[in-house]
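Notes follow the structure.
Quick caveat: nothing in here was measured; it's all calculated off a predicted structure. Quick note: numbers below take in every heavy atom, side chains included, and nothing from hydrogens, waters or symmetry partners.
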Amino acid sequence: MNTRHLLTGHVLQFSGNPFTARWQDTVYIEEDSAVLIENDQISAVGNDARAQAGPDVVHHDHTGHLIMPGFIDAHAHYPQTAMIASWGKRLIDWLNIYTFPEEMRLHDPAYARTIAARYLDLVLDHGTTSVASFCTIHPASVDALFEAASARGMAMAAGKTCMDRNAPEGLRDTAQSAYDDSKALLTRWHGNGRAIYAITPRFSPTSTPDQLAALGALWGEHPNTLMQTHLSEQVDEIAWVRDLFPDHRDYLDTYEAFGLLGPRGLYGHAIHLTTREIDRLRDVGAGVVHCPTSNTFIGSGLFDLMGLARAGQPVGLATDTGGGSSFSMLRTMAATYEIAQLRGEPVHAAQLLWLATAGSASVLHRGNEIGALSKGMAADICVLDLASTPAVAQRHAEADHIWDAVFPTIMMGDDRAVAEVWVNGCRLRGGGN
Ligand code: GUN
Ligand code: ZN
């Protein structure tokens with residue numbers, strides 16, 4: 001049966017990139033507007049939505065709320081759900097002491113399924129409808145996430161995390177098994193429903209040159225898949241990469257030399273870049289992913305969002321759960337704002353909302369399917385209550401324009417602000433379910 005739903009409220013709309021053009025010319029909130037959902041898609045927005053609604057439509061009145069695309073988290077580690085917010089370490093110690101022991105537990109497929117379900121339920125609670133996630137070295141951890149995403153209708157990118165050195169026994173594969181397992185997984189999952197496979201070398205310190213070359217070859221054989229990894233997160237890590245790869249020009253070159261640099265590549269963190277790396281990433285059109293709560297939590301540094309994005313670098317936004325300290329893209333936008341302030345340049349709410357939706361969609365190469373509310377896009381929608389708690393509500397009451405009404409929720413909001421979540425045309429949160 002052809003079910004149609006009309007959502008009415010303030011509607012977030014994009015016409016371009018608010019970093020390379022003025023935000024005022026590219027991001028709009030249409031007040032008291034409407035979105036029409038037909039099956040799994042958005043079939044009309046604004047006056048067209050009301051005109052086409054018809055008498056059989058189910059009306060969802062969100063007057064005063066913000067109807068926006070579901071958040072897209074462009075870099076996360078679902079296996080780290082149960083060890084998020086672990087105290088007091090910097091990157092390499094944090095990996096060895098907290099992360100690797102927890103990732104070892106996903107050796108058990110039943111535990112992987114438990115964590116995958118828990119993780120996706122948490123992100124949906126926070127209004128996130130799509131994620132690009134690392135898994136563990138265990139192929140069953142990839143199946144667990146894609147199966148859980150498929151059960152919820154979510155557009156998911158993920159891949160087996162590959163490591164063949166500098167990781168404990170039990171968390172190491174080999175160059176050959178990483179190639180074989182990744183190939184079998186991408187054959188099973190890439191383009192299966194809403195799943196996209198991401199070839200996933202964890203980062204160059206945990207892969208031998210042979211493994212990087214094998215995964216580069218695999219990407220060359222399957223160029224429509226994504227590739228996700230980490231780049232230049234901490235100064236100590238960069239020095240370690242220099243020791244491990246003395247013949248390479250810089251950290252990025254340890255990927256580039258092995259066929260692991262391309263427009264469908266996603267490079268998490270990318271904080272401490274050389275001029276060559278900055279130019280090369282932009283020229284290639286690779287995606288860099290800003291992970292602000294992680295960068296402060298693990299003490300990594302202050303990403304140059306404004307400098308990179310203004311120069312045309314594709315940038316997505318991410319929690320980096322569980323190096324990041326939150327599942328919430330609202331909290332992630334707040335941290336983005338705070339880091340930009342520490343760098344001396346405020347980022348506007350319009351830019352933050354674009355980054356957390358269309359910006360992430362574009363680095364995932366899914367910008368024609370998710371990340372915006374327009375005709376033909378998937379009905380992946382988040383509805384935000386802009387006065388969700390007494391603290392936010394009293395500030396919201398003072399707002400004299402729409403951006404001033406939205407910004408308190410970005411800075412102070414949490415899962416209580418998420419009034420409804422729609423995935424693929426189905427309401428998964430709010431409305432009494
Ligand atoms: N670098 C390599 N692995 C990881 C990880 O799991 N989290 C973060 N934040 N950085 C990494
Ligand atoms: Zn990460």
Next item on the list: Go through Arg282 and Glu277 one step at a time and tell me if the salt bridge (Lys or Arg N to Asp or Glu O under 4.0 Å) criterion holds.
Entry: CA-CA 8 Å; Arg282 192 187 55 243; Glu277 290 172 311; over 6 Å; no

Check: Should Asp56 and Arg4 be marked as a salt bridge (Lys or Arg N to Asp or Glu O under 4.0 Å) after you check the CA-CA gap, both sets of side-chain angles, and the distance that decides it?
Finding: CA-CA 7 Å; Asp56 62 331; Arg4 293 141 61 87; 3.7 Å; yes

Check: So Thr200 and Gln228, side-chain hydrogen bond (donor to acceptor under 3.5 Å, both in side chains) or not? Walk me through it.
Finding: CA-CA 5 Å; Thr200 308; Gln228 60 182 351; 3.1 Å; yes

Next item on the list: Any chance you could lay out the salt bridge (Lys or Arg N to Asp or Glu O under 4.0 Å) test for Arg366 and Glu369, step after step, and finish with the verdict?
Entry: CA-CA 5 Å; Arg366 296 188 97 155; Glu369 177 198 354; 3.0 Å; yes

Notebook entry, point to check: Passes side chain to side chain contact (heavy atoms under 4.5 Å, CB included), Val315 versus Val289? Steps please.
Noted result: CA-CA 6 Å; Val315 181; Val289 185; over 6 Å; no

Next item on the list: May I have the step-by-step check of side-chain hydrogen bond (donor to acceptor under 3.5 Å, both in side chains) for Asp164 and Thr174, ending in yes or no?
Entry: CA-CA 5 Å; Asp164 67 345; Thr174 66; over 6 Å; no

Check: Between Thr136 and His138, is a side-chain hydrogen bond (donor to acceptor under 3.5 Å, both in side chains) present by the stated rule, with each step listed?
Finding: CA-CA 5 Å; Thr136 62; His138 315 100; 2.7 Å; yes

Notebook entry, point to check: Does the side chain to side chain contact (heavy atoms under 4.5 Å, CB included) test come out yes or no for Thr81 and Phe327, once each step is laid out?
Noted result: CA-CA 9 Å; Thr81 297; Phe327 296 96; 3.8 Å; yes

Next item on the list: List the steps and the verdict of salt bridge (Lys or Arg N to Asp or Glu O under 4.0 Å) for Asp253 and Arg280.
Entry: CA-CA 10 Å; Asp253 194 42; Arg280 194 77 188 111; over 6 Å; no

Margin query: Run the side chain to side chain contact (heavy atoms under 4.5 Å, CB included) test on His126 and Leu330 for me, step by step, so that the C-alpha distance in whole Å, both residues' side-chain angles and the decisive distance to 0.1 Å come before the verdict.
Written below: CA-CA 8 Å; His126 289 85; Leu330 287 172; over 6 Å; no

Note to self: Under the criterion side-chain hydrogen bond (donor to acceptor under 3.5 Å, both in side chains), I'd like the reasoning laid out for Trp219 against Glu221: C-alpha separation, chi angles, the key distance, then a yes or no.
What the structure shows: CA-CA 5 Å; Trp219 199 20; Glu221 291 154 20; over 6 Å; no

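Heavy-atom minimum distance, Ala149 versus Met156: CB-CB, 3.7 Å. Looking at every heavy atom in both residues, Asn166 comes nearest to Phe100 through O-CE1, 4.0 Å. Residues Ser130 and Thr128 share a closest heavy-atom pair of O-CG2, 3.3 Å. Taking every heavy atom of both residues into account, Ile42 and Ala379 meet most closely at CG1-CA, 4.0 Å. For the pair Ile115 and Ala82, the tightest heavy-atom approach, listed with the atom from each and the gap, is CD1-CB, 4.3 Å. Taking every heavy atom of both residues into account, Pro263 and His365 meet most closely at O-NE2, 2.8 Å.
Annotation: His230 is in aromatic contact with His75 [ring centroid separation under 6.0 Å]. For Phe258 and His248, the distance between ring centers is under 6.0 angstrom. Ring centroids of His222 and His190 are separated by 6.0 Å or more, keeping the two rings apart. For Tyr337 and Phe407, the distance between ring centers is under 6.0 angstrom. You'll find the ring centres of Trp189 and Phe146 inside the 6.0 Å limit.
We find that Arg429 and Asp125 are joined by a salt bridge, their nearest charged nitrogen and carboxylate oxygen being less than 4.0 Å apart. Of the charged side-chain nitrogens involved, at least one lies within less than 4.0 Å of a carboxylate oxygen, so that Asp173 and Lys160 count as a salt-bridged pair. A salt bridge is absent between Lys89 and Asp93; no separation between the charged side-chain nitrogens and carboxylate oxygens falls under 4.0 Å. Checked for salt-bridge contact, Asp414 and Arg331 miss the test: no charged N lies under 4.0 Å from a carboxylate O. Using a 4.0 Å cut-off between charged nitrogen and carboxylate oxygen, Asp385 and Arg416 do not count as a salt-bridge pair. Using a 4.0 Å cut-off between charged side-chain N and carboxylate O, Glu237 and Arg242 make no salt bridge. Under the 4.0 Å criterion applied to side-chain N and carboxylate O atoms, Arg276 and Glu256 are assigned as salt-bridge partners. Remark: Arg188 engages Asp143 in a salt bridge, criterion side-chain N to carboxylate O under 4.0 Å. For Asp108 and Arg105, the salt-bridge test fails: no basic side-chain N is under 4.0 Å from an acidic carboxylate O.
Defined by atom type and a distance below 3.5 Å, a donor-acceptor pair is missing between the side-chain atoms of Gln80 and Glu102. A donor atom on one side chain and an acceptor atom on the other are not found under 3.5 Å apart for Thr229 and Tyr267.
The neighbour count for His107 NE2, taken as heavy atoms of other residues, nucleotides or ligands under 6.0 Å away, does not exceed 12.
Looking at heavy atoms from C-beta onward, Leu215 lies in side-chain contact with Ser182 at the 4.5 angstrom threshold. Arg90 places none of its side-chain heavy atoms less than 4.5 Å from the side chain of Leu95. Counting heavy atoms from C-beta on, the side chains of Val383 and Leu7 come closer than 4.5 Å. Within the 4.5 Å cutoff, side-chain heavy atoms of Leu308 are placed close to those of Ile278. Contact check for Ser300 versus Leu91: no side-chain heavy atoms found under the 4.5 Å cut-off. Taking the side chain as every heavy atom from C-beta outward, Leu226 and Leu364 approach each other to under 4.5 Å. Taking 4.5 Å as the limit, every side-chain heavy atom of Ile67 sits out of range of all side-chain heavy atoms of Glu420. Glu345 places none of its side-chain heavy atoms less than 4.5 Å from the side chain of Leu305.
Distance alone, capped at 3.5 Å, places no donor-acceptor pair between the Thr225 side chain and the Ile196 backbone. With hydrogens and angles disregarded, no donor-acceptor distance shorter than 3.5 Å links the side chain of Thr319 to the backbone of Met329. Using a distance-only test at 3.5 Å, with no hydrogens or angles considered, a donor-acceptor pair links the side chain of Arg194 to the main chain of Gly153. Side-chain atoms of Gln13 do not come within 3.5 Å of backbone N or O of Thr26 as any donor-acceptor pair. Between the side chain of Tyr179 and the backbone N or O of Ala217 there is no donor-acceptor pair closer than 3.5 Å. In terms of modelled atom types and a separation under 3.5 Å, the side chain of Arg113 and the main chain of Ala144 share no donor-acceptor contact. Remark: side-chain polar atoms of Tyr119 are not paired, donor with acceptor, to backbone N or O of Leu145 under 3.5 angstrom. The backbone N or O of Gln211 lies less than 3.5 Å from a partner atom in the side chain of Thr208, making a donor-acceptor pair. Here the side chain of Trp354 pairs a donor or acceptor atom with the backbone of Gly16 at under 3.5 angstrom. The main-chain N or O of Thr357 is never found under 3.5 Å from a side-chain atom of Ser360 such that the two would form a donor-acceptor pair.
Residue Thr8 forms a side chain to side chain donor-acceptor pair (under 3.5 Å) with just one option from His59, His60, His65, and that option is His59.
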